[in-house]
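First listed ligand is number 1; within each ligand, the first listed atom is number 1. We use all heavy atoms of the structure for the numbers below, so side chains are in, but hydrogens, waters and symmetry mates are not.
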Amino acid sequence: MKQIPINDLPITVQLDASTGVFTPCIEMENRRVSDLSMMFYDQAAVQAILEGGDRLVYDIRYYPFITSVSDMALGTTVIYPGKVGDEYHMTKGHFHARADQPEIYYCVQGEGFLQMETRAGDYQVAAWKPGTVTHIPPAYAHRVINTGSTPLVFVASFHVAAGHDYAPVIARGFQYVIVERDGQPVAVPNPRRGS
Ligand code: M6P
Ligand code: ZN
């Protein structure tokens, strides 16, 4: 994240829940299929998309609230509808680099799932629709999947120091992948985990 000046005064931003855009915003990132190339299980489908010129999967917006005492951040993510092979568009997913840091995710638009998994293998999933709020305990990796036909928008609240650890998710993924079968989202065992 950028270096943000300390501000001990209250800050208010205005969110458009249909787009995830809030104003003012400090930082924005785009994530494309190329950024998630290791995350989707169907590597042939990934290559076919990349040969055709890549594709936007989601946007992230951040506002780190830096005070002289402690630093919360606001994030919004909009995951555009689509699939790579039969696997729905999703975030990369991450553990927090700091093992004592939880996070709150709040779905404001769209439908999908939040997958959560500990390093020891406890797997949990929450079905999401607008208004669903999930507390993600510190030890759980977290990934959001958009299984709908419209953008999925969620709000995140976390401590700036939490950090992102993507390595275990790149290496193994989550226990299940969410794929389309007969027009419906279903969870199937992740082929990358082996049997
Ligand atoms: C939320 C927060 C961010 C995170 C983003 C996308 O906005 O959890 O910290 O970066 O979602 O998730 P990921 O980094 O896993 O792609
Ligand atoms: Zn997080």
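- Contact check on D35 versus K92 returns no salt bridge, with no Lys/Arg side-chain nitrogen under 4.0 Å from an Asp/Glu carboxylate oxygen.
- Comparing M39, H164, E29, H142 against atom 4 (C) of ligand 1, the shortest heavy-atom distance belongs to H164.
- An N or O contact shorter than 3.5 Å links T77 to ligand 1 by distance.
- Cation-pi geometry between R119 and F95 is satisfied (NZ or CZ under 6.0 Å from the ring centre, within 45° of the ring normal).
- Residues S68 and D8 are in side-chain contact: their nearest non-hydrogen atoms beyond the backbone lie under 4.5 Å apart.
- The N, O or S atom of H94 lying closest to the Zn ion (ligand 2) is NE2.
- Considering H96, E103, H94 only, the shortest heavy-atom separation from atom 2 (C) of ligand 1 involves E103.
- The OE1 atom of E103, the Zn ion (ligand 2) and the NE2 atom of H142 define an angle of 100° (nearest 10 degrees).
- The only member of E117, H96, Q115 that meets side chain to side chain donor-acceptor pair (under 3.5 Å) when paired with H142 is H96.
- Listed by atom number, the atoms of ligand 1 under 4.0 Å from A156 heavy atoms are 1 (C), 2 (C), 7 (O).
- Proximity of T77 to Y58: side-chain heavy atoms (C-beta onward) are separated by under 4.5 Å at one or more points.
- Distances from ligand 1 to the non-hydrogen atoms of R31 include at least one value under 4.0 Å.
- The shortest N/O to N/O separation between G75 and ligand 1 does not fall below 3.5 Å.
- Here H96 reaches the Zn ion (ligand 2): one of its N/O/S atoms is less than 2.8 Å from the metal.
- The environment of CZ in F65 is crowded: more than 12 heavy-atom neighbours from other residues, nucleotides or ligands sit within 6.0 Å.
- Checking only distances, Y58 does come within under 3.5 Å of ligand 1, N or O to N or O.
- Salt-bridge formation is not detected for the pair R61/E27: no Lys NZ or Arg NE/NH1/NH2 atom is positioned less than 4.0 Å from an Asp or Glu carboxylate oxygen.
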